[in-house]
Amino acid sequence: MEKTLAKKVLAVDIDGTITLNGFGKIHLQALEKLRNLKNDGHHVIFVTGRSSIEAYFLSIFGGLTLLGVGENGGCITHGEIMTHKMIGDKNECQNAFSYLKKSLDEPIKEKPVFPRLTEVVLDRTFDIKNAQAILDEEGFNVGLFDSGYAYHINSRGVDKGSGLIKALEMLNADLEDTIALGDSETDVPMFRTVKNNIAVNNSIPELKEIAKIVTTKNSGEGLLEGLSMISDQFL
Ligand SMILES: O=C(O)COP(=O)(O)O
Ligand SMILES: [Mg+2]
């Protein structure tokens, strides 16, 4: 009697992993692969710096699990009736943004993205490490993160790792049954949380260093390559 495989959870980054960073175009074969895995009984969810509403709608149109972790873990949108679980605190992120506007010499402005419920998203136009030091110095309880697509001001303790753990609780699923895929700094907390993970070839070196699998191909092609490398093991 063939052992039925435990239901796995695929936690998939969007920009730079199933799209080309900055453009948003979905790699269709990669999406088809994810839908097939969903149809095989696994959970497939997006864990992204984009809005959780974008992730949720992509899961509807993609035929995936109706749960999107967005805003770098700051908000989870889920269910047949669209419901938001807000984890981050937009107020403290906005206060930090206002302080940076007064403190930085370089230009700093919000990136024109889909509206956010718990974070602030900025154009990548300033020295992020210097900005983080200024916020720490002033005692702001926020983090500044670079997804390669945008800078994010998130509440302290809000990241893709903490957001994924909340999502797994909601799905009644286990960390050891989870596989994460990503490409940028914002995926590092997720990879530190989930030991089974795949960094696509266009990932930053810091993510590749901690990844269990690093693909030779970029973005959507890399997702397909990475999933084929594990499918014989446990998908
Ligand atoms: O919105 C962004 O920063 C891009 O997001 P992602 O790479 O985490 O999907
Ligand atoms: Mg990404």
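Basis for what follows: all heavy atoms, side chains included, without hydrogens, waters or symmetry-related copies. Counting starts at 1 for both ligands and their atoms, following the listed order.
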Leu224: which of Glu32, Lys217, Gln29 passes side chain to side chain contact (heavy atoms under 4.5 Å, CB included): Gln29

Closest candidate by heavy atom, reference atom 3 (O) of ligand 1, pool Gly182, Gly49, Ser147: Ser147

Within-cut-off N or O pair, Asp187 and ligand 1, under 3.5 Å: no

Short N/O/S contact of Asp13 with the Mg ion (ligand 2) (below 2.8 Å): yes

Side chain Glu110, main chain Leu122, donor-acceptor under 3.5 Å: no

Pairing of Asp177 and Lys7 as salt bridge, 4.0 angstrom limit: no

Atoms in ligand 1 with a heavy atom of Thr48 nearer than 4.0 Å: 5 (O), 6 (P), 8 (O), 9 (O)

Interfacing atoms of ligand 1 (cut-off 4.0 Å, heavy-atom, Asp15): 4 (C), 5 (O), 6 (P), 7 (O), 9 (O)

Of the listed options His152, Arg50, Lys160, Met190, closest to atom 8 (O) of ligand 1 (non-hydrogen atoms): Lys160

Angle subtended at the Mg ion (ligand 2) by OD1 of Asp183 and O of Asp15, nearest 10°: 100°

Residue Lys208 excluded, over 12 heavy atoms near NZ under 6.0 Å: yes

Atoms of ligand 1, numbered as shown, that sit under 4.0 Å from any heavy atom of Ile14: 9 (O)

Lys25 atom NZ, neighbour heavy-atom count above 12 within 6.0 Å: no

Geometric class of the Tyr151/Phe126 ring pair [parallel <30°, tilted 30-60°, perpendicular >60°]: perpendicular

